[in-house]
Chemist: 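There's a structure below that I have some questions on.
Given the structure is predicted, the values throughout are model-derived calculations rather than measurements. Note that these values count all heavy atoms, side chains included, but never hydrogens, waters or copies made by symmetry.
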Amino acid sequence: MIAATKNAKKDSFYMLQALELAALGRYTTDPNPRVGCVIVKNKQVIATGWHQQAGQDHAEIVALKQLDNAKGATAYVTLEPCSHQGKTPPCCKALIKAGVTRVVVAMQDPNPLVAGQGLKKLKKAGIKVICGVLEAEAQALNRGFVSRMTQGKPFVRSKLAMSLDGRTAMASGESKWITGSDARTDVQRLRAESSVILTGINTVLADNPSLNVRLSIEVLQPIRVILDSSLQMPLAIKMAQLAGRSWILTCCNNHDKQRALEQVGFEVFVLPEKQGRLDLNAVFNFLATQQINEVLVEAGATLNGALLESGLVDEWIVYMAPVILGNNGRGLFNLPTLHTMANKKCLELQSTRQVGADLRLTFTQKSS
């Protein structure tokens, strides 16, 4: 809730700057939230900061280190200053010590164990606190962190590419390339802002993918996660030779296979099963316990069909190319139990954007 303020327009102006700073950490802060800070005194911005990487200084500390005297200043922060000692000291204590007299915050910390504690400490120290300025924008920037803290699951997106007639590949499985280079670069950015790239074992066996980010900017490489219910993963697979972490989630208790996969670099986790396959709810709950904020699914029709049935995907991103693959091509979703219009799956279009020659369509799933 936004506290009453005569300075709403000014507060929004400076908070927007803080949000722009926070967005600079889009590819690097995981598992921490993206946070920006702007410190203003006498109507002038005197310091700025943003959180760059877990374990490094938080945005408020980065900004305060630029100053010899912050007394009487206003600090604009996109997330409630932390009140606890973690890998870094509490930011609310630093703001109090620096002598700021006003703190404007976009949103409370969504962690139910600490939410509001930083604001209380600031108020107790006599600092005027305003909370809720551009709150929706701040939540959108950290929707994965918010989802993990409030729902116990990451924010899940599935990326699909299709032809104008709704095909993802030829009947043979050939699919390179449906979309153009601009759309493929856009996908790299989606990968870069994700904590995890998740796929199914069928996609791995068919395509032998790398599942890494290939951009010429600094990124924190996402973890590769493969759903492999019966441990079919070959040992001589491309991703086993690549840098970074690769996880196999399975419901198979074959210890010999697990050890063999671990010896070539995979991390294997055994999770609950449902009807002989991995329980998808258990998968995303597990990822949340591993501090995974955002999941990007890049999978085939079988896994995407199961995810559509489960309702666990928060956002579907479909790249549609102006090409025709014909009626023998492969479809987007395998839904073997869907036989009547009454059971059709409904999506709601959120945005449309042209990316090169292709269209990027963003959908959410309507509740049944």
Side-chain angles (χ1 to χ4, degrees), residues 153-179 183-184 186-187 190-191 194-209 211 222 224-230 232 247-251 271 273-285 287 292 294-321 325 328-339 343-350 358-368:
K153 68 176 283 289
F155 185 88
V156 181
R157 288 189 288 196
S158 183
K159 181 276 298 180
L160 307 102
M162 71 175 189
S163 62
L164 195 60
D165 54 343
R167 306 299 176 180
T168 64
M170 304 302 291
S172 64
E174 181 187 357
S175 61
K176 293 183 179 180
W177 295 101
I178 293 175
T179 55
R184 297 197 298 275
D186 195 59
V187 170
L190 285 180
R191 287 183 172 189
S194 302
S195 318
V196 151
I197 302 173
L198 183 147
T199 193
I201 185 62
N202 290 339
T203 295
V204 173
L205 295 175
D207 299 338
N208 194 14
L211 298 183
R224 295 175 284 265
V225 173
I226 302 91
L227 305 190
D228 185 3
S229 294
S230 54
Q232 301 175 66
W247 295 357
I248 296 175
L249 308 188
T250 186
C251 50
L271 300 181
E273 61 89 23
K274 186 176 183 180
Q275 298 178 339
R277 305 188 67 82
L278 276 162
D279 183 327
L280 292 175
N281 277 290
V283 165
F284 293 119
N285 290 340
L287 292 177
I292 301 302
E294 298 187 29
V295 173
L296 177 65
V297 178
E298 296 192 23
T302 299
L303 180 52
N304 274 312
L307 287 168
L308 188 66
E309 289 278 15
S310 73
L312 289 168
V313 173
D314 298 290
E315 188 173 81
W316 299 90
I317 298 179
V318 181
Y319 294 89
M320 186 170 69
L325 297 187
N328 290 324
R330 298 184 179 184
L332 287 173
F333 301 99
N334 182 15
L335 296 166
T337 62
L338 203 163
H339 301 296
N343 295 322
K344 67 183 182 292
K345 303 297 180 183
C346 297
L347 303 180
E348 187 170 348
L349 182 64
Q350 300 297 322
D358 307 310
L359 285 180
R360 172 175 155 164
L361 309 172
T362 302
F363 298 92
T364 55
Q365 188 169 351
K366 287 186 177 181
S367 300
S368 301

Chemist: Enter the distance from Phe363:CZ to Glu348:CD here, rounded to the nearest 0.5 Å.
Modeler: 10.5 Å
Chemist: Give, for atom OG1 of Thr203 and atom CD1 of Ile226, the distance between the pair rounded to the nearest 0.5 Å.
Modeler: 10.5 Å
Chemist: How many angstroms lie between atom CD1 of Ile248 and atom CD of Gln232, to the nearest 0.5 angstrom?
Modeler: 11.0 Å
Chemist: Taking Asn304 as the fixed residue, which of Leu307, Leu308, Thr302 is the one that meets the side-chain contact (heavy atoms from CB on, under 4.5 Å) rule?
Modeler: Leu307
Chemist: Output the distance between atom CG (Leu211) and atom CG (Leu296), rounded to the nearest 0.5 Å.
Modeler: 9.5 Å
Chemist: Do the side chains of Cys251 and Ser229 get nearer than 4.5 Å, heavy atoms only?
Modeler: yes
Chemist: Can you tell me how far apart CG (Leu361) and CH2 (Trp316) are? Round to the nearest 0.5 Å.
Modeler: 14.0 Å
Chemist: Are the side chains of Glu273 and Asp279 in touch, meaning some heavy atoms are under 4.5 Å apart?
Modeler: no
Chemist: Please give me the minimum heavy-atom distance between Ile178 and Ser163, naming the atom from each residue.
Modeler: CG2-N, 4.0 Å
Chemist: Check whether any side-chain heavy atom of Val283 lies under 4.5 Å from a side-chain heavy atom of Leu198, and answer yes or no.
Modeler: yes
Chemist: Of all residues at least two apart in sequence or in a different chain, which pass the side-chain contact (heavy atoms from CB on, under 4.5 Å) check with Glu315?
Modeler: Arg143, Phe155, Arg157, Ile317, Thr362
Chemist: Over all heavy atoms of both residues, which pair between Leu278 and Asp228 is shortest? Give the atoms and the distance, please.
Modeler: CD1-N, 3.9 Å
Chemist: Glu298 versus Arg191: any side-chain heavy-atom pair under 4.5 Å?
Modeler: yes
Chemist: With heavy-atom distances below 4.5 Å as the criterion, would you say the side chains of Leu287 and Val156 are in contact?
Modeler: no
Chemist: Considering non-hydrogen atoms only, spot the tightest contact between Gly331 and Thr168 and give its length.
Modeler: O-OG1, 3.5 Å
Chemist: Got a second to check how far Leu280's CG is from Glu309's CD, nearest 0.5 Å?
Modeler: 11.0 Å
Chemist: Looking at side-chain heavy atoms only, is the closest gap between Leu312 and Asn281 below 4.5 Å?
Modeler: yes
Chemist: Could you go through the side-chain contact (heavy atoms from CB on, under 4.5 Å) check for Met162 and Val318 one step at a time?
Modeler: CA-CA 7 Å; Met162 71 175 189; Val318 181; 3.9 Å; yes
Chemist: Please tell me if the side chains of Phe284 and Val295 come closer than 4.5 Å, counting only heavy atoms from C-beta onward.
Modeler: yes
Chemist: With a 4.5 Å cut-off on side-chain heavy atoms, are Lys159 and Val297 touching?
Modeler: no
Chemist: Grab the two heavy atoms, one from Gly200 and one from Ala299, that are nearest each other, plus how far apart they are.
Modeler: N-CB, 4.3 Å
Chemist: Applying side-chain contact (heavy atoms from CB on, under 4.5 Å), run through Leu303 and Leu227 and close with a yes or a no.
Modeler: CA-CA 9 Å; Leu303 180 52; Leu227 305 190; 4.0 Å; yes
Chemist: Regarding Arg224 and the six-membered ring of Trp247, is the cationic atom NZ or CZ under 6.0 Å from the ring centre and inside 45° of its axis?
Modeler: no
Chemist: Which heavy atom in Ser158 sits nearest to a heavy atom in Val313, and how many Å separate them?
Modeler: N-CG1, 4.0 Å
Chemist: One pair to check against side-chain contact (heavy atoms from CB on, under 4.5 Å): Thr250 and Leu271. What are the steps and the verdict?
Modeler: CA-CA 6 Å; Thr250 186; Leu271 300 181; over 6 Å; no
